[in-house]
**Q** 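Mind looking over this structure? Questions follow.
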Amino acid sequence: MKLITSRVKGINDILPEKVGSWQTVERIAADSAAVYGFKEIRIPTFENTELFVRSVGDTTDVVQKEMFTVMGRESRFTLRPEGTAGVVRAVLENGLLNNSMPQKLYYLINCFRHEKPQAGRLWEFHQFGCEMFGSASPDADAEVISLAKSVIDRLGLRDIELHINSIGCPHCREEYYKALRGFLEPHKEELCDTCKSRFDKNPMRILDCKSDICREISSGAPIMVDYLCDNCRTHFEGLKARLDAMGIEYTIDPKIVRGLDYYTKTVFEFITTSIGAQGTVCGGGRYDGLIEIMGGKATPALGFAMGIERLLLTLKNQGAVLGEERQCDIYIGSMGDAARQRAAVITRSLREEGFWAECDVMERGVKAQMKYADKLDAAFSVIIGDNELENGTAQLKNMKTGETIELPIDDSFTTRFTDIRTADMIAE
Ligand code: HAM
């Protein structure tokens, strides 16, 4: 029998010592989104299954193999495998497209995909995602890519390559599908069962299949960029020109088709070789047809999402350290009940001023309290006993230099400590 203290494979705890780096990523992502004019949206963890089937697409791996779906009393619900579908649903349901365009939204969410767990591939993972609605111009593609790049740069990630491609629109895809089917036809029977069923409906999905045999069969297949219509080609050229002008380096990668069905025209990925097989830290693109598919008025849209675990894994493998640990400002030790109470009152007052202050709640002796203060790496300490209570003062000790200074242990303690701690931090 499995221990109830073992977690399910493919999901992780984020322990206190790791939370600092998560918060740094989240802060940099949110700050970068804000300066690009993106506002945060918070969407539900699960939606009607049909939402993902219709938007992500019923021939995708995500829908066919990876969704966590639960049966409610009457309907089926699915834990979000990604954020775009939920954001589009929320945008339509709440009439956000009636506001002035473009609408720019970002989210920091957990997502769920039932994939084979491995480094950088989890059942529950986290995304920072951005979506922009209303612009068909390549200016918007360049802006969105520039935002993704800015987050990657501000995090200090190295050796990340931007790969771009265009997968056209339903109009030019028809010709391409004919060519692709022609190429795959002789090997149709060797394809995996899922891809056999994709052959007629959505042959481009075969290019994204993870099975070795399908990968082998599809290598050398015709590429979509050779079949783009004038409109899609001009759009792609426009994007390239804007990226060139912004000095954002990229590689054109005809192999990128993305694993979700809603994409049109631009698709892109930021890829690293630092974390092994799951090297895509960010993926995105345009989805000009999705709003209409979901019942809204045709509206061009685009976005991206970054996998936070993959960003952190890359940073770790590159030896980067994120997020400074906050230091405990002061430990207030005490001897005896009366002193313990005074220590608790002063600690509370310091905390109200924003200091990380600690006092004893374990009923330990002074020696053990000071050992704990050392463990916390407290910047200052003070010990209150009967003598101190009688005198109304105590010795504040700078734990680094060993210097002491006498302070009143009354209402003025917090103000006096504020001056001393501030001077100490400036000196550091
Ligand atoms: P996606 O490429 O499916 O796109 O996922 C985006 C990112 O999420 C991936 O590049 C990867 O870093 C991370 N990711 C995906 N699956 C896993 C997993 N099982 N474990 C860990 N990380 C994972 C989307 O989700 C689109 N909604 C992006 C988008 C937004 N396109 C337009 N707007």
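This one's a predicted model, so the numbers in the text were calculated from it and none came from an experiment. Basis for what follows: all heavy atoms, side chains included, without hydrogens, waters or symmetry-related copies. First listed ligand is number 1; within each ligand, the first listed atom is number 1.
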**Q** Please report the shortest heavy-atom distance between F199 and E185, naming the atom on each side.
**A** CZ-OE1, 3.8 Å

**Q** Applying a heavy-atom distance cut-off of 4.0 Å, which protein residues contact ligand 1?
**A**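 Its neighbours under 4.0 Å (heavy atoms only) are E82, T84, Y107, R113, E115, G120, R121, L122, F125, Q127, E131, R258, L260, Y262, Y263, T280, V281, C282, G283, G284, G285, Y287, G303, F304, A305, G307, R310, given by chain and number.
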
**Q** Would you compute the distance between atom NZ of K240 and atom CD1 of I248 and round it to the nearest 0.5 angstrom?
**A** 15.5 Å

**Q** I want to check a possible cation-pi pair here: R113 against F68, using under 6.0 Å from ring centre and within 45° of the ring axis as the test.
**A**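 No; the conditions do not both hold, so R113 does not lie above the ring face of F68.
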
**Q** Please confirm whether Y227 and Y176 have ring centers closer than 6.0 angstrom.
**A** yes

**Q** Taking salt bridge (Lys or Arg N to Asp or Glu O under 4.0 Å) as the cut-off, I'd like each qualifying pair that reaches into residues 301-322, sequence neighbours left out, listed once.
**A** none

**Q** Could you check whether E115 pairs with K210 (Lys NZ or Arg NE/NH1/NH2 to Asp/Glu carboxylate O, under 4.0 Å)?
**A** yes

